[in-house]
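All values derive from a computational prediction rather than experimental measurement.
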Amino acid sequence: MGFHRTALVTGANRGIGLATARALLGAGWRVVLTARDGAAARAAATALGPGARGLALDVTCPEGVAAAREAAGPVDGLVSNAGVLLDAGHDVLTVPLETVRATLEVNVLGAWRVCQAFVPGMVAAGWGRVVLLSSGTGTFGAGLHPGTPAYSLSKTAVNALTTLLAARTRGTGVLVNAVNPGRTRTRMLPGGERSPQEAAADVLHALALPDDGPTGVLLRHGRPTAW
C-alpha cells in the first residue's frame with residue numbers, strides 16, 4: 001500500500017485513538033500514534049504494522065510536545081484525541097478546583113499546545129485536516145452535563161478553540177473541525193453504546209473532507225450539529 005499523507009493521533013494507544021489510527025492505515029495514511037507512555041504507543045504501532053509509528057507525547061509537557069514535533073516531522077492530519085474525565089459524579093459547587101485545573105490542562109491546553117506545534121506546518125504546506133474530539137456534554141445545544149462539570153466545561157472550551165483555529169486558518173487549505181463521537185465504549189465510558197470503530201469512522205470522515213468542505217463546525221455522524 002502506498003502512503004501519501006501522514007496523520008498524528010494523540011492518546012492513540014487505546015480506545016477511539018487506536019481505532020482511528022487503524023482506520024487511517026486502512027484508508028492509506030501513514031499514522032504517528034502518540035501517547036503519554038511512549039512504550040505503549042510503540043507497542044500499539046507495532047501491532048498495527050507497516051505505516052504506523054509510535055512516539056511519546058504528553059500533551060501537558062511543552063518540551064515533550066516540541067520533541068514529538070521534531071521526531072514526527074510535518075503531518076497532514078492531526079487528531080486531538082487525548083483527554084481525561086476526572087470528575088464524574090461531582091457537583092459544580094463542590095468539585096475540587098484542582099480537579100478542574102487538571103482537566104483543563106489536558107483537554108484544553110493540551111489540545112491547544114499540540115495544535116500550536118503542528119498546525120503552522122499545515123498552513124505553510126497549504127493543506128491540512130485537524131480534528132478535535134469533543135462531546136455532547138459540552139454543547140449548549142444539548143445542555144452541559146452537570147454531573148461532570150469540569151469535563152463538560154473543558155469540551156465547551158474545545159469547541160471554542162475549534163472555531164478560533166478555523167477562523168485563523170480559513171482560506172489556507174487547512175480545515176479544522178470538532179467531532180462529537182457520542183457515547184463510545186472506552187475505558188472512560190465502559191457503558192457507551194457506540195464502538196470505538198464507529199467513532200473512528202466519524203473522525204476519518206472529518207479527515208477526508210474535500211477542500212471545499214466545512215471548517216469550524218461540530219460534526220456528529222458526519223453532519224454539522226449545534227454547538
Side-chain angles (χ1 to χ4, degrees), residues 1-59 61-83 110-133 161-162 165-166 168-169 172-179 181 196-197 199-213 215 219:
M1 179 184 292
F3 299 105
H4 303 296
R5 297 197 185 278
T6 300
L8 183 142
V9 185
T10 66
N13 59 309
R14 61 175 180 267
I16 294 174
L18 180 57
T20 296
R22 183 177 289 110
L24 282 163
L25 280 172
W29 292 66
R30 289 188 195 90
V31 184
V32 181
L33 294 84
T34 72
R36 184 173 55 185
D37 182 342
R42 290 187 290 272
T46 298
L48 289 183
R53 178 187 181 193
L55 286 178
L57 193 162
D58 180 348
V59 300
C61 174
E63 296 79 13
V65 171
R69 179 189 61 202
E70 292 302 312
V75 301
D76 307 289
L78 173 64
V79 180
S80 178
N81 168 72
W112 203 333
R113 185 174 290 115
V114 171
C115 287
Q116 286 188 337
F118 288 97
V119 174
M122 298 181 193
V123 172
W127 197 92
R129 300 290 183 267
V130 181
V131 177
L132 294 94
L133 268 291
L161 177 61
T162 300
L165 291 167
R168 171 60 181 83
T169 58
T172 67
V174 178
L175 305 181
V176 184
N177 293 294
V179 166
Q197 292 73 28
D202 291 346
V203 177
L204 187 61
H205 168 84
L207 288 167
L209 286 170
D211 292 343
D212 62 351
T215 190
L219 296 168

Nearest heavy-atom neighbours spanning Ala35 and Ala41: N-CB, 3.8 Å

Below 4.5 Å, heavy atoms only, C-beta onward: do Leu204 and Thr20 meet side chain to side chain? no

Between Leu78 and Cys115, is there a side-chain heavy-atom distance shorter than 4.5 Å? yes

With sequence neighbours excluded, what pairs up with Ala68 under the side chain to side chain contact (heavy atoms under 4.5 Å, CB included) test? Leu57

Do you know the tightest heavy-atom contact between Gly38 and Ala56? CA-CB, 3.6 Å

Straight-line distance of Trp127 CH2 to Asp211 CG, nearest 0.5 Å: 7.0 Å

Hey, which of Leu55, Leu18, Val9, Asn13 is the one that makes side chain to side chain contact (heavy atoms under 4.5 Å, CB included) with Leu33? Leu18

Qualifying salt bridge (charged side-chain N to carboxylate O under 4.0 Å, His left out) pairs, either residue in residues 38-55, two or more places apart: none

Determine whether a donor-acceptor pair (N or O, by modelled atom type, separation under 3.5 Å) exists between the side chain of Arg129 and the backbone of Gly77. no

Are Val176 and Leu132 side-chain neighbours, meaning at least one heavy-atom pair lies under 4.5 Å? yes

Validation row: Asp76, Trp29 side chains within 4.5 angstrom (heavy atoms): yes

Minimum heavy-atom separation for Leu219 to Ala206, with atom names? CD1-CB, 3.8 Å

Nearest atoms (heavy-atom pairs only) where Ala39 meets Asp37: N-OD1, 3.0 Å

Pairwise side-chain contact, Leu8 with Thr34, heavy-atom cut-off 4.5 Å (strictly under): yes

Got Leu207 and Arg5 here, is their nearest side-chain heavy-atom distance under 4.5 Å? no

Could you walk me through whether Val131 and Asn177 pass side chain to side chain contact (heavy atoms under 4.5 Å, CB included), step by step? CA-CA 5 Å; Val131 177; Asn177 293 294; 5.7 Å; no

Of all the heavy-atom pairs spanning Gly54 and Ala45, show the shortest one and how long it is. N-CB, 3.4 Å

Looking only at heavy atoms, the pair that brings Ala7 and Leu24 closest together is CB-CD1, 3.8 Å

Under 3.5 Å: donor-acceptor pair, side chain of Thr10, backbone of Ala82: yes

